[in-house]
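A short write-up of the structure that comes next.
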Amino acid sequence: MKISVIGCGYVGLVTGSCLAEIGHEVVCTDNDAAKMQMLESGKVPIFEPGLDAVIEKTRRDGRLSFNPDPGRAIEGSDASFICVGTPPLPSGDADLSAIDSVAKLIGTNQRGPRLIVEKSTVPARTGQQLKRALSRYGRKTNGHFRVASNPEFLREGTAVEDFLHPDRIVVGVDDDTSEKQMREVYQPILDQKFNCPVHAAGCPPVTPPEFLVTTINSAELIKHASNSFLALKISYANMVADLAERLGADVDEVMHAVGKDPRIGPSFFRAGLGFGGFCLPKDLQAFVRLAERTGVDFSLLKEVERINKQRIDHFVEKLRRALWVLRDKQIGVLGLAFKANTDDIRFAPAVELVQRLQAEGAHVRLYDPEALERAKSTLKNVQFCENAYDTAQDADVLVIATEWDEFRTLEWERLRDLMAHPLILDGRNLLQPAQMRALGFEYHSMGRPDPGSRGTDGRSTN
Ligand code: UGA
């Protein structure tokens, strides 16, 4: 099929290049001229494992192209995927103005596509509004448009893998032609028949994904309900962590056992600094606002949000307990990205943490394997370091704020000797308490007791 993709952010680039990878002819466009120039010159503006290889290969094969002229990009395509941003407004609602602009672009383009696929995360009922907007803008061109909602469940850091080997494909439609066309788009993935760029040696056997056909409203609701539930699981684990800390239990042991129940499941139970990124926090807010506007009291989710916001307070309090006064302390921070394997620092807990520490008068040295470039334009008066060892130099404490794998295997003896005081606060429970203490560190983490206090009087020294 001929497909156009509007919006070249994380979702648009992964969607466009992966659709090209499975055999479609794809043109991507974006109104950010600098980004388009970069893409046309072969550079990928974001760090996403495997993405540059897929883009390079599909461009070489002639199935993927970039066109800065949106009108030209959509001309002649069978379907157009809307992948523009829906950032939060000050009210918490999603800003849908970019979707409206795309509706105008498509509606007024006579030779544009007739199937419009909404992939951006939007509140339920946006599809209905989009349909109305398209026919309003298409009045003069006599355009008749069909709309499908096709929410994405991509995780940054594994987005290419998630696209090509999804656990489900959700398609919200209200007519048979759209369903048929959407099935055609995804058939190679449903059959798992394509040359997988992720597993060079061939994919491990995977269960083909389910193709779930729903109404457009349901598809939109599925996306918000999924992300909000993930957020809820994390906040739940974080509250259990706080309780475990008071009771001298170990949150990792607890959530591991709780997650063994197939009704509950093991993932998204990692306690720590809380969830960040450009999806969970904003989608949760938008979902709460949607509920409010429809007269449904979803205060459960407000609690989830409140708990998450308090994680940084809780962590700063821990630092204060360990260091007493924060003013003029040298704090080495390892990790800034909102999670590992991405350079994305939007709504990253570590960014807020660094700003809070600076507000307390502490001096911050910072290292992140991928996010330093982005950090430089966001954070001021921070000493950016080339590696973890540089960060540890004369530090009063080392804070682990992102769960990068490379932090698991650092030369800890070397780090200990570089520091002014061998103190670690692990905000992601990345390291093993007993091991760190054996290496001579004072070590505190989230919801895990000191080894010495286990099973004694129930008081945590964490
Ligand atoms: C999230 C969802 O996981 C995807 O399914 C969804 O498609 C995507 O949003 C989206 O809406 O586009 P992502 O933002 O990439 O994906 O990040 P997650 O992997 O969900 O992590 C979010 C945050 O939660 C991170 O800060 C992470 O460190 C934190 N987290 C995650 C925890 O604190 N504990 C956990 O157990 C898991």
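Both ligands and their constituent atoms are indexed starting at 1 by order of listing. Along the sequence shown, residues carry numbers from 1. Remember, predicted model here, so these are calculated numbers, not experimental data.
You'll find the side chain of M1 reaches within 4.5 Å of the side chain of Q181, heavy atoms only. The side-chain heavy atoms of L230 and F275, taken from C-beta on, include no pair separated by under 4.5 Å. Contact check for K339 versus R155: side-chain heavy atoms found under the 4.5 Å cut-off. Taking 4.5 Å as the limit, some side-chain heavy atom of I189 sits within range of a side-chain heavy atom of Q192.
The aromatic rings of W404 and F47 lie tilted to each other, with the angle between the two planes from 30° to 60°. A tilted orientation is assigned to the rings of Y186 and F211, their planes being inclined by 30° to 60°.
The part of D283 lying near ligand 1 is the side chain, judged by heavy-atom distances below 4.0 Å. No part of K233 comes within 4.0 Å of ligand 1, judged by heavy-atom distances. If you look at Y10 next to ligand 1, there are no close heavy atoms at all, none under 4.0 Å. Counting heavy atoms under 4.0 Å from ligand 1, residue V11 does not touch it at all. Contacts between I234 and ligand 1 below 4.0 angstrom, taking non-hydrogen atoms only, involve the side chain exclusively. Contact annotation: for L230 versus ligand 1, heavy atoms closer than 4.0 Å belong to the side chain alone.
Cation-pi check for K233 over F269 is met; the charged atom lies under 6.0 angstrom from the ring centroid and within 45 degrees of its normal. Cation-pi geometry between R346 and F338 is not satisfied (NZ or CZ under 6.0 Å from the ring centre, within 45° of the ring normal). Remark: R437 is not positioned above the aromatic ring of Y443, lacking an NZ or CZ atom under 6.0 angstrom from the ring centre and at most 45 degrees off the axis.
Counting atoms of ligand 1 from 1 in the listed order, those under 4.0 Å from a heavy atom of E403 are 28 (O). Those atoms of ligand 1 with a heavy atom of C279 less than 4.0 angstrom away are 8 (C), 9 (O), 10 (C), 11 (O), 12 (O), 14 (O). For ligand 1, the atoms sitting less than 4.0 Å from at least one non-hydrogen atom of R428 are 28 (O), 33 (O), numbered in the order shown with element in parentheses. Using a 4.0 Å cut-off to heavy atoms of E156, the atoms of ligand 1 that qualify are 15 (O). The E152 neighbourhood of ligand 1 comprises atoms 7 (O), 10 (C), 11 (O), 12 (O), with distances under 4.0 Å to a heavy atom of that residue.
E253 and R448 are not joined by a salt bridge, as no carboxylate oxygen comes within less than 4.0 angstrom of a charged side-chain nitrogen. Checked for salt-bridge contact, E305 and K302 miss the test: no charged N lies under 4.0 Å from a carboxylate O.
Scanning all protein heavy atoms for the shortest distance to atom 1 (C) of ligand 1 gives L280 CD1, 3.6 Å. The shortest contact between atom 36 (O) of ligand 1 and any protein heavy atom is with R270 N, 2.8 Å. The shortest contact between atom 8 (C) of ligand 1 and any protein heavy atom is with L154 O, 3.2 Å. Counting protein heavy atoms only, atom 20 (O) of ligand 1 is closest to F268 CZ, 3.2 Å. Looking from atom 11 (O) of ligand 1 to the surrounding protein, the closest heavy atom is K223 NZ, 2.6 Å. Protein heavy atom nearest atom 5 (O) of ligand 1, with residue, atom name and distance: F153 O, 3.4 Å. For atom 19 (O) of ligand 1, the closest non-hydrogen atom of the protein is K339 NZ, 2.8 Å. What sits closest to atom 2 (C) of ligand 1 on the protein, heavy atoms only, is N227 OD1, 3.7 Å.
Taking CD1 from I22 and CZ from R63, the interatomic distance works out to 9.5 Å, rounded to the nearest 0.5 Å.
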Using the side chain to side chain donor-acceptor pair (under 3.5 Å) rule, take T391 and R365 through it: C-alpha gap first, then chi angles, then the decisive distance, then the call. CA-CA 6 Å; T391 317; R365 298 170 70 82; over 6 Å; no
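Looking at S77 and S80, their side chains never bring a donor and an acceptor atom within 3.5 Å of each other.
No N or O atom of T121 sits closer than 3.5 Å to an N or O atom of ligand 1. Geometrically, ligand 1 and F269 share a nitrogen or oxygen pair separated by less than 3.5 Å.
Distances from atom 28 (O) of ligand 1 to the heavy atoms of F347, F338, F275 show the closest one on F338.
Using 4.0 Å as the threshold, G276 has a heavy atom nearer than that to some atom of ligand 1.
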